[in-house]
Amino acid sequence: TYNYEDNSVEVFDQWELMQDGNTVRIPLYTPDTVTKRGNGWQIANMLLTADGDTQVKITKLDISDAKVKKAWGSNIHKVELITESGRQGSCKMRFTRLTK
């Protein structure tokens, strides 16, 4: 959902699974450096925030494949949103443009 007031985009994912006790991981990838900023994570000129029950894990992946390196550069950062849920769960993330 696009919010015209603050120029942000909110992504809401909801699931229903076959059993309880699940760990759901939502991976995002970026060639930009990811740094902690307040209650979120800065990716280029965007701030990523997630709902309170979601953990965020950042992993730097070194790239050796020539084709991937040409398209993405030498490093890719994996931003993984992790949430524990029962049979049903959800995750809400918001991307807000940072102003200088």
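All residue numbers refer to positions in the sequence shown, counting from 1. These numbers were taken from a predicted model, which means no experiment stands behind them.
Legend: side chain to side chain donor-acceptor pair (under 3.5 Å) pairs involving residues 64-80, not counting sequence neighbours: none detected. Applying the side chain to side chain donor-acceptor pair (under 3.5 Å) test to pairs two or more places apart or on separate chains, those with a residue in residues 37-52 are Arg37-Gln42, Asp51-Thr54. Residue pairs meeting the ring-ring contact (aromatic ring centres under 6.0 Å, His included) criterion with at least one partner in residues 3-22, sequence neighbours excluded, are Tyr2-Tyr4.
In this view, Glu16 and Gln88 satisfy the side chain to side chain donor-acceptor pair (under 3.5 Å) rule, not counting sequence neighbours. Partners of Thr23 according to the side chain to side chain donor-acceptor pair (under 3.5 Å) rule, which considers only residues two or more places apart in sequence or in another chain, are Glu84. Applying the salt bridge (Lys or Arg N to Asp or Glu O under 4.0 Å) criterion to Glu10, with sequence neighbours excluded, gives Arg94. Legend: residues meeting side-chain contact (heavy atoms from CB on, under 4.5 Å) with Phe95, ordered by chain and number and at least two apart, are Val11, Leu28, Met46, Leu48, Met93.
Cys91 SG to Arg25 CZ: the interatomic distance, rounded to the nearest 0.5 Å, is 13.0 Å. A distance of 9.0 Å separates OG1 in Thr35 from CG in Leu47, rounded to the nearest 0.5 Å. If you take CD1 on Ile58 and CD1 on Ile43, they are separated by 6.5 Å, rounding to the nearest 0.5 Å.
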Checklist entry - side chain to side chain contact (heavy atoms under 4.5 Å, CB included) between Leu61 and Thr59: does it pass, once the steps are laid out? => result CA-CA 6 Å; Leu61 307 173; Thr59 307; 3.9 Å; yes
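Closest non-hydrogen pair, Ser8 versus Thr96, comes out as CB-OG1, 3.6 Å. Summarising the geometry of Asp32 relative to Ala44, their closest heavy-atom pair is OD2-CB, 3.6 Å, with the distance given to 0.1 Å. Pairing each heavy atom of Thr83 with each of Asp53, the nearest pair is OG1-O, 3.7 Å.
A chain of hydrophobic side-chain contacts below 4.5 Å, direct or via other Ile, Leu, Val, Met, Phe, Trp or Tyr residues, connects Val56 to Ile26.
No donor-acceptor distance shorter than 3.5 angstrom exists from the side chain of Asn22 to the backbone of Val24, with no hydrogens or angles considered.
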